[in-house]
Chemist: 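Could you have a look at this structure, given as structure tokens, before my questions?
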There are 2 protein chains.
Amino acid sequence: MNVGRRVDYAVRALSYLAGMPPGKIVSRVDIEEKQDIPSYYLSKIMKDLVAGGLVQSHIGSKGGFSLARPAATISIKEVYETVERPMALMECLDKGENYCSYCPVCNQISVWDKAQTLLANYLAKVSIGDIAAQHGLRERLSALDN
Amino acid sequence: MNVGRRVDYAVRALSYLAGMPPGKIVSRVDIEEKQDIPSYYLSKIMKDLVAGGLVQSHIGSKGGFSLARPAATISIKEVYETVERPMALMECLDKGENYCSYCPVCNQISVWDKAQTLLANYLAKVSIGDIAAQHGLRERLSALDN
DNA sequence: CTGAATATAGACCTAATAGGTCTATTTTGT
DNA sequence: ACAAAATAGACCTATTAGGTCTATATTCAG
């Protein structure tokens, strides 16, 4: 039920990039230092973000990373699923009906399914752009209330 | 981000008890067999449920377990927190502001906070009684939509 | 009173995972 | 040519999830 560092770090890195002038290329080490992320660790996360098309990488001297898309189009849900795995509160929700023999008669599963949908819908509505913008996030979140 | 067996098994055990005639005492082994829960494992879970006041235990021959409260008053959120820990999507939401030095300026945290509240509110509205009742659960869940 | 059935408490084990660190290689700007 | 960077992947360690077992105390039925 908890989210883990990979996602935390990914969100921080992406927000940091989002706060840069458009097109600015930032090195891994710079992101790690400014965002208080353990040395080296980010390299694995950035690899996923590049592979997922959220971030563009630039090899070589003066290389680094920049956002591959506008920050407003990158949802937290997408970030989560890019660096981790599909969001699923229970394994059967991910692995399908025949994962557990009780699935066909399981009442429990519809509850977790609903909870998961609630969560996913919300997280799909919040973007890296929202997080990067310093002002009024809490207010904008409240507006999402229903 | 996922819920784990302890909660799964706890919900199954409680629902099973809820489906029994009121006051009926059911042994651990019986629950394990009928609900397809690994032998012995349930003993640790039931201990928590007893300690949490959700279940009443009866030691000795012909002993076993029964619900300590009406099934309709036992929410899934409560079950979760009884057999696991307080629901928290990120550690700082649980351990407080000084867990991470970035907390005071962290925009991310308000997003997870909101997500967590959404989840908790929903799970607090669904009861073991809802799950135990065989009919119309999905319909009743839909009614919770907003 | 005795024995069987039960919860209780806690030890124990194993595999997987999270989180982190490091190094060799390739690419590229200056 | 050199330095700075990403890339790829090996490696390590502590924790946790999930499960199994056993010794003990309690209680009911005969």
Side-chain angles (χ1 to χ4, degrees), chain A residues 1-13 17 24-33 35-52 54-68 80 83-85 88-91 94-95 99-100, chain B residues 1-13 17 24-33 35-68 80 83-85 88-92 94-95 99-100:
Chain A
M1 180 68 88
N2 90 18
V3 168
R5 305 286 187 178
R6 293 181 62 84
V7 177
D8 177 11
Y9 295 157
V11 170
R12 283 200 236 170
L17 291 178
K24 175 71 183 288
I25 293 176
V26 185
S27 78
R28 192 204 82 224
V29 170
D30 188 24
I31 306 177
E32 286 173 347
E33 283 171 356
Q35 288 292 316
D36 204 26
I37 296 169
S39 287
Y40 299 104
Y41 194 42
L42 201 50
S43 59
K44 289 198 287 196
I45 296 174
M46 295 314 276
K47 197 176 3 171
D48 290 345
L49 292 174
V50 169
L54 309 201
V55 154
Q56 197 173 347
S57 70
H58 311 266
I59 310 187
S61 181
K62 300 283 173 187
F65 302 94
S66 57
L67 290 188
Y80 183 98
V83 300
E84 207 82 57
R85 68 191 78 87
L89 286 184
M90 287 210 146
E91 288 185 286
D94 191 34
K95 302 193 176 166
Y99 175 71
C100 143
Chain B
M1 179 70 87
N2 91 20
V3 169
R5 303 287 186 177
R6 292 181 62 84
V7 176
D8 177 10
Y9 296 157
V11 170
R12 283 200 236 168
L17 290 178
K24 176 70 183 289
I25 293 176
V26 185
S27 79
R28 191 203 82 226
V29 171
D30 188 25
I31 306 177
E32 286 173 348
E33 284 171 355
Q35 288 293 316
D36 204 26
I37 297 170
S39 287
Y40 298 105
Y41 194 40
L42 202 50
S43 58
K44 290 198 287 195
I45 297 173
M46 295 314 275
K47 198 179 356 174
D48 290 344
L49 292 175
V50 169
L54 308 200
V55 154
Q56 196 173 347
S57 71
H58 311 264
I59 309 187
S61 180
K62 299 285 173 186
F65 302 93
S66 58
L67 289 189
Y80 184 97
V83 300
E84 206 81 57
R85 68 190 78 87
L89 287 183
M90 288 212 146
E91 290 185 285
C92 19
D94 191 34
K95 302 192 176 167
Y99 176 71
C100 143

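Chain identifiers are assigned alphabetically (A, B, ...) following the order of the sequence lines, protein sequences preceding nucleic acid strands; residue numbering begins at 1 within each chain. Every heavy atom of this structure was used, including side-chain atoms; hydrogens, water molecules and symmetry mates were not.
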Chemist: What is the distance from CE of A:Met90 to P of D:dA17, rounded to the nearest Å?
Modeler: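 From A:Met90 CE to D:dA17 P: 13 Å.
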Chemist: In whole angstrom, what separates B:Glu32's CD from D:dC21's P?
Modeler: 12 Å
Chemist: Rounded to whole angstrom units, what separation is found between the CD1 atom of A:Ile37 and the C1' atom of C:dG20?
Modeler: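 Taking CD1 of A:Ile37 and C1' of C:dG20, I get 13 Å after rounding.
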Chemist: How close do B:Asp36 and B:Arg12 get, counting heavy atoms only, and between which atoms?
Modeler: O-NH1, 3.6 Å
Chemist: Holding to salt bridge (charged side-chain N to carboxylate O under 4.0 Å, His left out), I want the full list of residues that pass it with A:Asp94, two or more places apart in sequence or in another chain.
Modeler: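 Scan of A:Asp94 (salt bridge (charged side-chain N to carboxylate O under 4.0 Å, His left out), adjacent residues dropped) gives none.
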Chemist: Listed by chain and number, what are the side-chain hydrogen bond (donor to acceptor under 3.5 Å, both in side chains) partners of B:Gln35, not counting sequence neighbours?
Modeler: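 Once residues adjacent in sequence are excluded, B:Gln35 has no partner under the side-chain hydrogen bond (donor to acceptor under 3.5 Å, both in side chains) criterion.
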Chemist: Would you kindly give the CD-to-P distance between B:Gln56 and C:dT8, to the nearest whole Å?
Modeler: 11 Å
Chemist: Can you list everything that forms a side-chain contact (heavy atoms from CB on, under 4.5 Å) with A:Lys24? Sequence neighbours excluded, please.
Modeler: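 Partners of A:Lys24 by the side-chain contact (heavy atoms from CB on, under 4.5 Å) criterion, ordered by chain and then number, come out as A:Met20, A:Pro21, A:Val26.
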Chemist: In Å, rounded to the nearest 0.5 Å, how long is the span from CZ of A:Arg85 to CG of B:Asn2?
Modeler: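 Nearest 0.5 Å value for the CZ-CG distance: 7.0 Å.
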Chemist: Please enumerate all residues that pass side-chain contact (heavy atoms from CB on, under 4.5 Å) together with B:Ala13, with sequence neighbours excluded.
Modeler: B:Ile31, B:Leu42, B:Met46
Chemist: Kindly write out the residues that satisfy side-chain contact (heavy atoms from CB on, under 4.5 Å) with B:Val50, not counting sequence neighbours, or none if the list is empty.
Modeler: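 In terms of side-chain contact (heavy atoms from CB on, under 4.5 Å), with neighbours along the sequence ignored, B:Val50 is linked to B:Val55, B:Ser57, B:Phe65.
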Chemist: For nucleotides 12-19 of chain C, list the nitrogen or oxygen atoms of the protein found under 3.5 Å from its nitrogen or oxygen atoms, one pair per line.
Modeler:
residue	atom	partner	partner atom	Å
C:dA18	OP1	A:Arg85	NH2	2.9
C:dG19	OP2	A:Arg5	N	3.3

Chemist: For nucleotides 22-30 of chain D, give me one character per nucleotide, 5' to 3': B if any protein heavy atom sits under 4.0 Å from the base, S if the only such contacts are to the sugar-phosphate, - if neither.
Modeler: B---BBB--
Chemist: Taking atom C1' of D:dA17 as reference, at what distance in whole Å does atom CG of B:Asp8 sit?
Modeler: 13 Å
Chemist: Going by salt bridge (charged side-chain N to carboxylate O under 4.0 Å, His left out), name the pairs with one or both residues in residues 45-55 of chain B, residues two or more places apart or in two chains.
Modeler: B:Arg6-B:Asp48
Chemist: With sequence neighbours excluded, tell me which residues meet side-chain contact (heavy atoms from CB on, under 4.5 Å) with B:Glu33.
Modeler: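 Listed in chain order: B:Val29.
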Chemist: Once you round it to whole Å, what is the distance between C1' of C:dA5 and CD1 of B:Ile25?
Modeler: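 After rounding, the gap between these two atoms is 13 Å.
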Chemist: Calculate the interatomic distance between B:Glu33 atom CD and C:dA5 atom P; express it in whole Å.
Modeler: 14 Å
Chemist: What is the distance from CG of B:Leu49 to P of C:dA7, rounded to the nearest Å?
Modeler: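 After rounding, the gap between these two atoms is 13 Å.
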